[in-house]
J.: 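Submitted below is the structure of interest, expressed as structure tokens.
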Amino acid sequence: MRSLKIFGLIVLVMQNFIFAEAASQDTPAALPVRGGFHFQLQLGWGYGPTSGGLFHNMEIGGTFRKSQLTVALDHTFIQSKGFAMPAGGEHLVGGWMLMLKKPIWNNRLVAKGAAGLGGIHDQTDGIKATAGFGISYGLDYDLPLFQSSGVTISLQALHAFIPGPKHHFWAALGVGYTFF
């Protein structure tokens, strides 16, 4: 419960920062220019019932200029072993998925969703992967440093369904750099 309260507080602070920052920049020159190569790398912190620790997200793909739709391969996970692994939790929960992204507000707030391979890694003796189906979704907020790249703040969630049946879930807050 404590983790949920901390996560809620982080989301509230992030939301206030985003709206205050967006209100101060209404000029078109300050907005990202999207199109062509897309790459994003983020690190942060995430937590769920079976995992908690270092959040990693990497996207590589391309953006269509007219529609501003991005299609990318997404590799996302929470590394729990050595960080904040819950009692009886998994060492790593994540996936490799096909992602779609689209700006939904002021060309800075971007909705994203992905589906594909999701699963867990047991890292007790080497790496033993158990694969299943994964779904990921979230919001990115882009703060351009240049017209085609800048800092991104992200809120993301992942569901991994593996045989058993077993459902793994986490949500994470990350900061990284994106080539739009």
J.: Would you kindly confirm whether Val93 and Phe77 end up in one hydrophobic cluster when ILVMFWY residues are joined by side chain heavy atoms under 4.5 Å apart?
T.: no
J.: Can His38 and Glu59 be counted as having a side-chain donor-acceptor contact under 3.5 angstrom?
T.: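 Yes - a donor-acceptor pair under 3.5 Å links their side chains.
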J.: With a 3.5 Å cut-off and no angle check, do the side chains of Ser136 and Gln156 form a donor-acceptor pair?
T.: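 Yes - a donor-acceptor pair under 3.5 Å links their side chains.
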J.: Quick check: is Ile104 connected to Tyr141 through a chain of hydrophobic side chains (ILVMFWY, heavy atoms under 4.5 Å apart)?
T.: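 Same cluster.
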J.: Decide whether Leu98 and Leu69 are clustered together by the hydrophobic rule: side chain heavy atoms of Ile, Leu, Val, Met, Phe, Trp, Tyr closer than 4.5 Å, transitively.
T.: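 Linked, Leu98 and Leu69 end up in one cluster.
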J.: Do Val33 and Phe37 share a hydrophobic cluster (ILVMFWY, side-chain heavy atoms under 4.5 Å, transitive)?
T.: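 Looking at the clustering, Phe37 is in a separate group from Val33.
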J.: Using side chain to side chain donor-acceptor pair (under 3.5 Å) as the criterion, point out the one residue from Glu90, His168, Lys166 that pairs with Thr50.
T.: His168
J.: Using residues 124-133 as the side-chain source, report each donor-acceptor pair under 3.5 Å to any protein atom, sequence neighbours left out, with the distance given to one decimal.
T.:
{"unit_1": "Thr124", "atom_1": "OG1", "unit_2": "Asp122", "atom_2": "OD1", "d": "2.5"}

J.: Is any side-chain heavy atom of His121 closer than 4.5 Å to a side-chain heavy atom of Gln79?
T.: no
J.: Please verify the inter-ring angle class for Phe169 with His167; under 30° counts as parallel, over 60° as perpendicular, anything in between as tilted.
T.: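 Rings of Phe169 and His167: tilted, 30 to 60°.
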J.: Side-chain heavy atoms nearer than 4.5 Å, only ILVMFWY residues, links allowed to pass through others: does that put Leu139 and Leu143 together?
T.: yes
J.: Using the ring of each side chain (for Trp, its six-membered ring), is Phe179 parallel, tilted or perpendicular to Tyr177, with breaks at 30° and 60°?
T.: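 Aromatic pair Phe179/Tyr177 classed perpendicular.
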J.: Would Gln123 and Leu92 count as a side-chain contact (heavy atoms from CB on, under 4.5 Å) here? Give the steps.
T.: CA-CA 8 Å; Gln123 299 171 343; Leu92 183 142; 4.0 Å; yes
